[in-house]
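Working notes, structure below.
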Amino acid sequence: MKKLENVLITGVTGSGKSVWVKSMMADIMKALSPEDVKFIVYDAKRVEFVHLKESRYWLKPVMTEAGEFARVLEWLKVEVEKRFQMFRVAGVDGIEAFNARRSRAADLLPEHLAEIVLVVDELSDAMIDLGGDGNSLNLADVVPHAREDVERLLVFLLTEGHGAGVRLILATSRPAQEVFTDKLLAAVPTRVVFKVASEEDSIRLLGQRDARDLQRKGEYLLRAANGVVGVGPVRSISDSEFDRLVCARPTGGVCNGGRTRYRP
């Protein structure tokens, strides 16, 4: 988790985004227990994650609605601010030091904080419209949050959340300006770019044209936080293997196996 940065994954439908996201999540689950890391997953397409209803790795059940997604962003902002306050009380400068502390001043604080990873599978559905009933709806028409408010919350979490143990994995097939504004794009310098639809998208995301010419299946370019672009290593995981990891420690009930709780 020390090395995991916020990351944007983008590319045309069928290029390999969901496999990359699942393989990254699998790496984390193999390395850390459900007490050490929790996922919050927004599956707008209702395809990749929604069937996985129970897992000790889930901080809350998989979300499918934009309104719920917006409320979770608000909760995460409050959680980040609350954690920073706990760090100040405990006299530490981050989540790792907090979890390792042994000071009497922190006796009334939680013994352990889990890292939180927010996974968004298709950000454009939250930022632009909601499918499922045949209608195209602006997010502002669905929940009392303008797109600008959602963007503001995302930028806050991308820029401030890391120190509090909150990371974001944002996937979208539509990296256009109306989904990823320049302000939002600047807040997530690490980008995994599969084949994109246009030269303009490639230049905007990577600063070069090469992503337009990638093959559709699994080939991608990785832009690191320092701006260096290179070919990313192939990542793969089967749906059955991923599901096995998620359900390896079944709760037999609700998805609240760790110490951190989601309270909308």
Measuring only between side-chain heavy atoms, which start at C-beta, is [X] closer than 4.5 Å to [Y]?
X	Y	answer
Arg212	Asp201	no
Val192	Phe194	yes
Glu68	Tyr42	no
Lys22	Asp239	yes
Phe156	Leu76	no
Val72	Lys60	yes
Leu245	Ile237	yes
Leu205	Leu8	yes

Partners passing side-chain contact (heavy atoms from CB on, under 4.5 Å) against Gln208 (at least two apart in sequence or in another chain):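 For Gln208, the residues satisfying side-chain contact (heavy atoms from CB on, under 4.5 Å) (neighbours in sequence not counted) are Leu206, Asp210, Leu221, Val229.
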In terms of hydrophobic clusters joined by side-chain contacts under 4.5 Å, are [X] and [Y] together?
X	Y	answer
Leu52	Val47	no
Leu168	Val150	yes
Leu214	Val19	no
Val231	Val234	no

Worked verdict on His162 versus Arg167 for side chain to side chain contact (heavy atoms under 4.5 Å, CB included): CA-CA 6 Å; His162 188 275; Arg167 278 91 164 174; 3.4 Å; yes
[X] side chain vs [Y] backbone, donor-acceptor pair below 3.5 Å:
X	Y	result
Arg204	Leu185	no
Trp58	Val41	no
Ser55	Val246	yes
Asp182	Ala186	no
Asp43	Val50	yes

Gap separating the [atom1] atom of [X] from the [atom2] atom of [Y], nearest 0.5 angstrom:
X	Y	atom1	atom2	value
Met25	Glu48	CE	CD	10.5 Å
Phe49	Ser18	CZ	OG	6.5 Å
Leu123	Leu184	CG	CG	7.0 Å
Leu118	Leu73	CG	CG	6.5 Å
Leu113	Phe87	CG	CZ	6.0 Å
Leu158	Thr190	CG	OG1	10.5 Å

Those residues that, when tested against Asp243, pass side chain to side chain donor-acceptor pair (under 3.5 Å) (two or more places apart):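 Applying side chain to side chain donor-acceptor pair (under 3.5 Å) to Asp243 gives His51.
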Which atom pair, heavy atoms only, marks the closest approach of [X] to [Y]?
X	Y	result
Ser202	Ala211	OG-N, 3.1 Å
Val80	Gly161	CG2-CA, 4.0 Å
Leu32	Val37	CB-CG1, 3.8 Å
Ala90	Leu109	CB-CD1, 4.0 Å
Ala197	Val12	N-CG1, 3.7 Å
Arg83	Gly165	NH1-O, 4.1 Å

SB check Arg71 Glu65 (cutoff 4.0 Å):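 Not counted as a salt bridge, because no side-chain N and carboxylate O are separated by less than 4.0 Å.
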Short N-O contact, Asp121 and Lys45, less than 4.0 angstrom: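 A salt bridge links Asp121 with Lys45.
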Lys/Arg cation over aromatic Tyr220: Lys17, 6.0 Å, 45° cone: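 No, Lys17 does not sit over the ring of Tyr220.
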Derivation of the side chain to side chain contact (heavy atoms under 4.5 Å, CB included) call for Val120 and Phe69: CA-CA 9 Å; Val120 180; Phe69 172 66; 3.6 Å; yes
Residue pairs passing the salt bridge (charged side-chain N to carboxylate O under 4.0 Å, His left out) test where at least one lies in residues 154-165, sequence neighbours excluded: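 Those involving residues 154-165 do not exist here.
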Ser23 and Arg235 side chains, donor-acceptor separation under 3.5 Å: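 Side chains of Arg235 and Ser23: pair found under 3.5 Å.
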Audit row: Met29, Phe242, side chain to side chain contact (heavy atoms under 4.5 Å, CB included) steps and yes/no: CA-CA 10 Å; Met29 286 186 283; Phe242 180 79; 3.7 Å; yes
Test side chain to side chain contact (heavy atoms under 4.5 Å, CB included) applied to Ile203 and Arg209, step by step: CA-CA 5 Å; Ile203 293 173; Arg209 299 176 173 83; 3.9 Å; yes
